[in-house]
Number of protein chains: 2
Amino acid sequence: MKRRALIAGAGAGALALAACARKPASTGTVPSGKRFEWKMVTTWPPNFPGMGSGVNQLVKNIEAASAGRLRIKVYAANELVPAFEVFDAVSQGTVEIGHGAAYYWKNKTPASQFFTAIPFGMNVLEMNGWMYYGGGLDLYRELYARPQFNLVPFPAGNTGVQMGGWFNKPITSVDDLRGLKMRSPGIGGEVLKRAGGTPVTLPASEIFTALQTGSIDAAEWVGPYNDMALGLQDAAQYYYYPGWQEPGPLLECIVNQDAWASLPPDLQTIVELACSALNDQMMAEFFARNANSLALLEEDEDVEIRPFPDEVLRELRRYTGEVLADMVAAYPDVARVYESFSAYRGRAVRWSAISELAYLNTRNL
Amino acid sequence: MKRRALIAGAGAGALALAACARKPASTGTVPSGKRFEWKMVTTWPPNFPGMGSGVNQLVKNIEAASAGRLRIKVYAANELVPAFEVFDAVSQGTVEIGHGAAYYWKNKTPASQFFTAIPFGMNVLEMNGWMYYGGGLDLYRELYARPQFNLVPFPAGNTGVQMGGWFNKPITSVDDLRGLKMRSPGIGGEVLKRAGGTPVTLPASEIFTALQTGSIDAAEWVGPYNDMALGLQDAAQYYYYPGWQEPGPLLECIVNQDAWASLPPDLQTIVELACSALNDQMMAEFFARNANSLALLEEDEDVEIRPFPDEVLRELRRYTGEVLADMVAAYPDVARVYESFSAYRGRAVRWSAISELAYLNTRNL
């Protein structure tokens with residue numbers, strides 16, 4: 001048999017953080033006493049469960065690790081700038097740092113959506129693998145480093161697989177999606193449109209009322225933990241899974257390039273470590289709290305938790321392929337990112353099949 | 001319908017790092033210029049792919065984030081102490097810090113095994129949720145804080161679902177496990193024993209030769225990336241999945257309590273953040289590199305990658321239940337940890353079923 005002592009990449013030995021470094025290793029110097037007061041704008045409501053609370057912890061950690069040399073004041077959406085102006089505010093240096101999700105910036109650069117989530121794309125384990133060890137982060141950094149953007153992005157949180165959404169009638173075939181007005185942003189919304197539905201974009205604060213008053217027919221938000229915080233279980237009867245539209249959405253921390261360059265190397269490393277730690281911990285928070293919230297929800301006799309029929313998922317996957325093909329044809333940047341994404345995804349899907357999926361299936365034996 | 005605005009725990013707002021803190025928040029002080037030179041002992045061969053390389057990056061990150069104030073020299077297994085004496089060396093203060101896996105210390109305290117992996121237990125997402133947000137880390141800290149141990153543990157890496165192992169004959173029923181001499185440590189080995197096999201514990205460096213010469217019949221190590229680094233594909237024909245015995249093994253960083261107390265608060269936070277970042281990045285490395293290695297392995301015509309038959313997995317799960325029941329009956333510490341573990345696992349399994357599992361299943365539609 002063929003002997004392969006070292007597998008592709010095994011000898012590289014470079015973790016992602018090293019790959020991201022824009023600095024020489026800082027060793028043996030006394031830490032600079034210079035102080036920084038930064039502002040962070042976010043796309044989230046104040047102290048929002050999971051995202052907002054994660055960001056609060058991020059800045060606390062940075063402050064503690066820097067012994068107060070880097071203090072960051074967090075502004076929720078609309079406190080300083082609206083949610084969808086976070087990218088511009090950091091890019092232009094109005095503030096130094098921001099937290100949100102790359103797919104919110106699809107009108108700036110459609111390729112950004114691949115750095116959050118793609119329908120029928122990658123789950124959190126696959127996504128983190130692509131980011132740190134599959135070339136994803138390099139492409140992400142390259143895109144955001146363009147002079148007109150002037151940003152350094154960091155992976156900084158994930159919700160894991162979302163739910164498919166809340167409906168007031170059962171979904172038994174794709175025909176039931178026709179004419180459906182649904183809160184469903186991003187590429188998932190495009191896919192819904194091809195299925196004959198009408199996607200609507202609404203901020204968190206407006207979803208409950210829109211659904212309860214019938215101004216929309218259905219809504220997807222995140223998962224049990226966040227959806228119940230909005231009270232969506234009181235506005236719709238059917239809760240569908242899985243969240244084919246967002247299988248592992250990665251959240252981002254973005255730093256203005258000039259602000260980044262102004263930090264001494266130790267504070268740069270502290271910011272990088274704090275973002276990676278948030279990527280670790282926020283996923284854990286969403287997992288544990290979704291599990292707790294789901295247990296409560298299943299006691300609620302007025303909610304039916306149902307899987308989408310296979311035929312519906314098959315059709316949605318087919319439409320997703322069409323939407324992605326159109327994007328690849330229309331945008332060279334998308335084509336470039338898609339090439340890396342889909343080559344890696346092919347290998348990742350196979351490994352997931354015989355590791356995570358095969359293991360989870362042993363529970364149903 | 002019942003309105004539940006805030007779900008259990010939603011208002012707590014405390015991330016795990018805050019929960020672990022043994023210190024007041026450090027703000028507004030100038031960082032201490034005091035320097036620390038620590039030694040780290042590990043259970044891994046030098047620069048071992050994934051674990052060893054991750055540890056190297058951990059200490060680089062700590063050094064950079066502290067501007068050289070906390071330097072840690074890494075010693076591989078046997079360089080300073082043997083792999084299985086890492087716990088004692090850190091506990092007694094011979095060195096300040098160590099990296100390994102809690103289940104190696106089952107002879108010190110059998111409950112430690114729950115903080116690494118239990119057969120048919122939790123995968124990485126479930127495990128991190130239990131650790132940081134389900135009470136696991138509190139139990140882990142409490143156990144290791146006992147005066148005779150004198151340690152502070154930190155989650156610090158994961159391999160994800162392992163493979164089931166290498167065999168030189170097909171496994172078609174549990175009868176094929178009878179009389180089988182297999183490298184299979186920990187509780188997985190106990191389970192194999194109940195199935196009539198003979199578990200053997202061997203360090204990484206001896207597995208290839210033992211399997212090739214026939215002194216053992218089978219071996220499980222980690223997954224494609226690490227197994228191929230040992231050349232196991234040249235010593236056995238059948239590669240079975242899934243790794244029911246280690247569905248999401250968490251690795252640990254352990255710090256001597258007195259050494260920990262000697263650090264100023266900013267360096268404590270840096271160590272915590274660097275461990276959490278390693279927990280994020282090592283899992284990503286294993287995922288991406290296992291996927292790459294598997295793709296290479298599937299080109300190898302002499303290796304057959306096969307699933308364990310359902311009946312075999314059902315029997316192994318039944319034996320696992322027996323082994324755990326015996327441990328719970330024999331050890332009060334195990335009973336205490338098992339209560340938290342199994343209550344959380346029940347909720348986690350349900351959430352995984354409609355999130356990760358349901359999503360991964362869409363790929364086979």
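Throughout, a chain's letter reflects where its sequence line sits, starting with A, and its residues are numbered from 1. Computed from a predicted model, the values in this text were never measured in an experiment.
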- Item | Engaged part of A/L294 at the chain B interface, taking heavy atoms whose separation is under 4.5 Å | side chain
- Item | Most contacts with chain A, counted as non-hydrogen pairs under 4.5 angstrom, among B/V124, B/N290, B/N128, B/D310 | B/N290
- Going by distance alone, is a donor N or O of one side chain under 3.5 Å from an acceptor N or O of the other, for A/Y225 and A/N292? no
- Note on the structure: chain A shares the most heavy-atom pairs under 4.5 Å, among B/P242, B/A295, B/A353, with B/P242
- Quick one: what part of B/M163 sits under 4.5 Å from any heavy atom of chain A, side chain, backbone, both or neither? side chain
- Check: A/P49 main-chain N/O paired with A/S53 side-chain donor or acceptor under 3.5 Å: no
- Do side-chain atoms of B/D266 reach the backbone of B/P31 as a donor and acceptor pair under 3.5 angstrom? no
- Measure A/R306 against the heavy atoms of chain B and call it side chain, backbone, both or neither at under 4.5 Å. neither
- B/N158 and B/N279: CA distance, side-chain angles, deciding distance, side-chain hydrogen bond (donor to acceptor under 3.5 Å, both in side chains) verdict: CA-CA 6 Å; B/N158 204 306; B/N279 209 41; 5.5 Å; no
- Hey, which of B/E311, B/E298, B/M127, B/R314 has the most heavy atom pairs under 4.5 Å with chain A? B/E298
- Message: At a 4.5 Å cut-off on heavy atoms, which part of A/L267 comes close to chain B: side chain, backbone, both, or neither?
- Response: neither
- Task: Go through A/E63 and A/R69 one step at a time and tell me if the salt bridge (Lys or Arg N to Asp or Glu O under 4.0 Å) criterion holds.
- Result: CA-CA 7 Å; A/E63 186 165 325; A/R69 290 173 296 145; over 6 Å; no
- Query: Tell me, side chain or backbone of A/F308 under 4.5 Å from chain B's heavy atoms, or both, or neither?
  - Reply: neither
- Item | Winner by heavy-atom pair count (cut-off under 4.5 Å) against chain A, out of B/N364, B/N47, B/N56, B/N361 | B/N361
- Item | When A/P264, A/G121, A/G160, A/G50 are compared by non-hydrogen pairs under 4.5 Å with chain B, the top option | A/G121
- Message: For B/F120 and B/W244, take the angle between the two ring planes, folded into 0 to 90°, and tell me which bin it lands in: parallel under 30, tilted 30 to 60, perpendicular over 60.
- Response: parallel
- Who among B/L125, B/L313, B/I305 has the most heavy-atom pairs with chain A under 4.5 Å? B/L125
- Using non-hydrogen atoms and a 4.5 Å limit, figure out which bit of B/E126 sits close to chain A: side chain, backbone, both or neither. both
- Do you know the tightest heavy-atom contact between A/Y241 and B/A358? CD1-CB, 3.7 Å
- Is it true that the side chains of A/N123 and B/E356 contain a donor and an acceptor less than 3.5 Å apart? yes
- Assert top hit (heavy-atom pairs under 4.5 Å, partner chain B, pool A/G33, A/S352, A/G134) equals A/S352
- Is there a donor-acceptor pair closer than 3.5 Å between any side-chain N or O of B/R71 and the backbone N or O of B/K60? no
